[in-house]
Number of protein chains: 2
Amino acid sequence: MNIENSKAQMRKGILEFCILSVLERGEAYPSDIIDELKKAKLMIVEGTLYPLLNRLKTDELLAYRWEESNSGPPRKYYSLTPKGKEFLDNLAETWKELENAVKNIRKTK
Amino acid sequence: MNIENSKAQMRKGILEFCILSVLERGEAYPSDIIDELKKAKLMIVEGTLYPLLNRLKTDELLAYRWEESNSGPPRKYYSLTPKGKEFLDNLAETWKELENAVKNIRKTK
DNA sequence: AAATAGTACCATGCAATACATAGTAGTATA
DNA sequence: TATACTACTATGTATTGCATGGTACTATTT
């Protein structure tokens with residue numbers, strides 16, 4: 001049993017929350033999102049990010065627009081929809097509950 | 001996109017950590033573990049717990065012994081191995097890093 | 001112009017794990 | 001014996017992060 005695998009498993013399920021959080025602060029395109037997460041020491045790879053963004057778009061939590069880049073190919077800027085913002089609030093609550101649960105398990109008794 | 005599913009996904013990857021934490025405090029059999037987690041508001045079902053316990057046993061993080069019950073079928077008591085304790089310490093560190101990563105993403109910038 | 005490099009996005013098979021469901025088995029009680 | 005309760009086992013399904021391979025656009029180099 002491998003700690004790197006456990007790290008990846010722990011990331012599962014919270015990346016959605018983190019990505020919506022990044023976009024709460026303002027629209028961004030995928031590389032920006034990767035950079036923001038990397039700054040917070042949370043690594044995500046393209047093979048994960050793109051399908052995830054597409055899922056969120058399909059579920060109407062995100063919207064996007066294309067923008068020409070002045071130094072490379074066009075970019076897809078994502079932003080939160082009102083529905084996305086609401087969902088994010090729910091995720092934030094869920095995360096807090098999870099944190100508390102872990103805290104209780106680690107401390108109590 | 002369904003908040004209940006997101007809750008389940010957030011649980012993925014940290015149940016291992018929580019179960020090892022419960023056992024850090026002393027050996028327990030599966031129903032005890034379920035009760036401890038339930039007390040902390042973390043729900044796990046048998047179909048998840050048993051395979052997980054078996055995986056941890058297979059990886060030598062847990063040991064178990066059978067004990068006759070005085071009011072029902074025999075019980076399988078699990079306990080942490082030294083290897084398990086060491087792995088748990090790593091998981092605790094990983095969890096802390098994850099908490100900080102989320103905190104940074106939610107707060108910074 | 002063609003080739004190469006850098007950047008951006010897309011597609012998909014695989015591995016891991018939570019859950020739902022179905023079942024077996026031991027013990028106690030009706 | 002049948003039923004109920006408790007405990008453990010097995011497995012198919014759904015979901016999602018990762019590895020890998022690819023397409024496409026723009027800029028730079030040959």
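In what follows, chains carry the letters A, B, and so on, assigned in the order in which the sequence lines appear, proteins first and then strands, with residues in each chain numbered from 1.
- Put simply, B:Arg75 has a side-chain N or O that comes within less than 4.0 Å of OP1 or OP2 on D:dA7.
- Annotation: of the two residues near DNA chain D, A:Glu16 and B:Ser31, the 5′-most nearest-nucleotide partner is B:Ser31.
- The nearest whole Å value for the distance from the CG atom in A:Leu42 to the P atom in D:dC18 is 9 Å.
- Other residues, nucleotides and ligands contribute over 12 non-hydrogen atoms within 6.0 Å of the NZ atom of B:Lys83.
- Across all strands, B:Lys12 comes closer than 4.0 Å to base atoms (heavy-atom distances).
- Both tests hold for A:Lys76 against A:Tyr64: distance to the six-membered ring centre under 6.0 Å, angle to the ring axis within 45°.
- Summarising the geometry, the separation between CD on A:Gln9 and C1' on D:dT16 is reported as 9 Å, rounded to the nearest angstrom.
- Regarding B:Asn2, its CG atom lies at a distance of 10 Å from the P atom of D:dT16, rounded to whole Å.
- We find that CD1 of A:Ile33 is positioned 13 Å from P of D:dG17, with the value rounded to whole Å.
- Between the CD1 atom of B:Ile34 and the C1' atom of D:dC8 there is a distance of 11 Å, given to the nearest Å.
- As a whole-Å value, the separation of A:Asn5 CG from D:dG17 P is 14 Å.
- Judged by distance alone, with hydrogens and angles left aside, the side-chain atoms of B:Thr48 form no donor-acceptor pair with the main-chain N or O of B:Ile44 at under 3.5 Å.
- Bracketed by its first and final contacts, the part of DNA chain C lying under 4.0 Å from non-hydrogen atoms of chain A reaches from C:dG6 to C:dT17 in 5' to 3' order.
- With B:Asn2 contributing its side chain and B:Glu4 its backbone, the two residues share a donor-acceptor pair below 3.5 Å.
- In the set D:dC18, D:dC8, D:dT15, the nucleotide with an atom closest to the side chain of B:Lys76 is D:dC8.
- For the atom pair CD1 (B:Ile33) and CD (B:Glu27), the distance works out to 10.5 Å, reported to the nearest 0.5 Å.
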A correct 5'-to-3' footprint of nucleotides 19-30 of chain D, with B, S and - meaning base, sugar-phosphate only and no protein heavy atom under 4.0 Å, is BB----BSS---
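- Atoms CD (B:Glu67) and C1' (D:dC8) sit 16 Å apart, rounded to a whole Å.
- The separation between B:Asn54 atom CG and D:dC8 atom C1' is 9 Å, rounded to whole Å.
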Step by step, work out the side chain to side chain contact (heavy atoms under 4.5 Å, CB included) result for B:Glu97 and A:Lys7. CA-CA 10 Å; B:Glu97 288 168 6; A:Lys7 284 188 178 182; 3.8 Å; yes
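- Using a 4.0 Å cut-off between charged side-chain N and carboxylate O, A:Glu68 and A:Arg75 make no salt bridge.
- Taking 4.0 angstrom as the limit, A:Arg55 places none of its side-chain polar atoms (N or O) nearer than this to OP1 or OP2 of D:dT15.
- In terms of modelled atom types and a separation under 3.5 Å, the side chain of B:Thr81 and the main chain of B:Glu60 share a donor-acceptor contact.
- A distance of 12.0 Å separates SG in A:Cys18 from CD in A:Glu36, rounded to the nearest 0.5 Å.
- Ion pair B:Lys39/B:Asp35 not flagged as a salt bridge, since none of the NZ, NE, NH1 or NH2 atoms sits closer than 4.0 Å to an Asp/Glu carboxylate oxygen.
- Shown here is B:Glu86, whose CD atom has no more than 12 heavy atoms of other residues, nucleotides or ligands within 6.0 Å.
- No salt bridge links B:Glu16 with B:Arg55; every basic N to acidic carboxylate O contact stays at or beyond 4.0 Å.
- A rotation axis mapping the C1' atoms of four pairs onto the next four is fitted at both ends of the helix from C:dA1-D:dT30 to C:dA30-D:dT1 over five pairs, and the angle between these axes is 20° to 10 degrees.
- For the pair B:Tyr50 and D:dC8, the criterion of a side-chain N or O lying under 4.0 Å from OP1 or OP2 is met.
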